[in-house]
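Only this structure's heavy atoms are used, side chains among them; waters, hydrogens and symmetry mates stay out.
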Amino acid sequence: MVGFLRGRARRRLSAVVLALLATQLGSLIAPAYACGCGAVVPDTARRVAVAREVSVVRWDGRRERIVMRLTVDGDSGRAAWIMPVPRRADVTLGDPAVFDELDAATAPVHRTRSHFWPQDGDWPLVSGSGRDAGAPPPGVGATPGVGVVGRQKLGPFDVARLTATDPAALGDWLADNGFTLPPRLSGALQPYVARRWEYVAIRLAPETTGAPLRGTLDPLSLSFTADAPVYPMRLSRLARTPQSLGLYVLAAHRMEPASAIGGSRPRVTFAGRITPPRGSPLAGLTAGTPFLTAIGQEFPEPSLIDGDHTLRRTATDTSFQQVIYEDRLRTVAGVPAWLLTVAGTLAALTAAAAVFVVRRTRHGTDAPAVRLALPPTSTSTSTSTNEES
């Protein structure tokens, strides 16, 4: 009986180990092709993931520019990146310094504030835990299938601008260039095909031949005409893990997403007019669009994403900047002010009580004796006089 139980336990353990191995192998060969700004398709049986993406949307009222910088990781030696755009796009390399300037412009302000009474973390309340952001306009008409309307080499990128009215035709183009279009991605592209959007297809490859595609890539800038600024997000619904969006919006006024498109409520982490130094990379983007809005949003369930972000002007251009406060206990010569106040109050009360007792004691000792004054005693003498008649 004992041997039977031991054998049964070994079989269960083996099953668990095999299941874990299958899960790990599946994660290695499953392509992670969804990201907020488009889709990344790796080589067959390879993996590539977008670890971080930062985007800038600039809109001057008639033309939109999207500048994107991706940080990727995986074991694939090359990958294709597909970005849907509403109209014909011009593609150029972006300047990485733009993102450094934006980070500096939107950094939270650190301020110190004092509190009188002790809080958690202050003596004697030390707990041990410490204290340690409408629909897009239709595109231009396109001929059936895939049309390559432009191709160029930008640094490490091989960029092709495509028109497509059939996701299968786009898949054929990817196949001709050594990539496989995942079935789920083909279905997700259908809404863009229906609205006659175009695509920017980019082949990503490391500078060293045969090396895996990893690290932060050079930014790419896409520019196209637009009636309203839009940031493509629909393909993010394919992601299998929660997604985060970080977006800088440059316009003449403060901007906001028209809806949450299936994510949490968008939060503003910065809003205000900025004036970068003349001649800096950011100065070119802010010319005519001086108001910067930094937006953050979380997508706990990417499958709920139901559209692209359309951006609109807010009712007012209210400025906002995050403030991080460092709370400090108010002290006097290194001693907590509350302790001095309490000690002083106790000392004053003690002194007052002592004075009161001393005065009461002296009053009882020095008081004059009380004497009762008795009325004098009087003696009456009666004299009888016998009168004779």
Side-chain angles (χ1 to χ4, degrees), residues 28-50 53 66 68 70 72-93 139-214 217-224 232 234-239:
L28 288 175
I29 64 175
Y33 47 80
C35 67
C37 57
V40 177
V41 182
D43 283 339
T44 304
R46 295 288 183 173
R47 180 182 63 88
V48 64
V50 178
E53 57 175 304
I66 300 178
M68 293 163 290
L70 303 181
V72 297
D73 190 15
D75 59 0
S76 179
R78 63 193 187 111
W81 174 37
I82 304 170
M83 175 70 172
V85 289
R87 289 191 173 97
R88 186 71 47 82
D90 296 328
V91 185
T92 59
L93 283 177
V140 297
T143 57
V146 172
V148 180
V149 297
R151 194 156 189 170
Q152 60 192 127
K153 183 73 173 177
L154 296 174
F157 305 117
D158 180 10
V159 180
R161 291 172 295 160
L162 311 174
T163 61
T165 56
D166 184 358
L170 180 60
D172 293 340
W173 183 90
L174 287 172
D176 293 340
N177 287 271
F179 300 99
T180 300
L181 180 65
R184 295 177 66 229
L185 181 56
S186 177
L189 289 172
Q190 185 57 47
Y192 295 118
V193 173
R195 287 180 288 175
R196 295 184 176 275
W197 279 38
E198 296 189 2
Y199 309 98
V200 174
I202 301 169
R203 287 204 292 184
L204 311 174
E207 296 181 359
T208 304
T209 304
L213 189 63
R214 292 175 181 172
L217 307 179
D218 292 335
L220 280 171
S221 176
L222 287 71
S223 178
F224 47 88
R234 188 183 298 272
L235 297 184
S236 291
R237 65 181 291 117
L238 302 178

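- Looking at every heavy atom in both residues, Ala188 comes nearest to Pro191 through O-CD, 3.2 Å.
- The shortest heavy-atom contact between Ile82 and Pro84 is O-CD, 3.9 Å.
- When the side-chain hydrogen bond (donor to acceptor under 3.5 Å, both in side chains) test is applied to Tyr199, no partner is found at least two apart in sequence or on another chain.
- In terms of the side chain to side chain contact (heavy atoms under 4.5 Å, CB included) criterion, residue partners of Thr92 (sequence neighbours excluded) are, by chain and number, Ser221.
- Note: Glu198 CD to Arg161 CZ = 8.5 Å, rounded to the nearest 0.5 Å.
- Of the inter-residue distances, the one linking Leu154 atom CG with Leu220 atom CG reads 6.5 Å to the nearest 0.5 angstrom.
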(request) I would like to know whether Ile66 and Phe224 meet side chain to side chain contact (heavy atoms under 4.5 Å, CB included); could you show each step before the answer? (result) CA-CA 9 Å; Ile66 300 178; Phe224 47 88; 4.1 Å; yes
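- Trp197 approaches Pro232 most closely through the heavy-atom pair CZ3-CG, 4.1 Å.
- Nearest heavy-atom pair across Met83 and Leu222 is CG-CD2, 3.8 Å.
- Expressed to the nearest 0.5 Å, how far CG of Leu238 lies from CG of Leu189 amounts to 8.5 Å.
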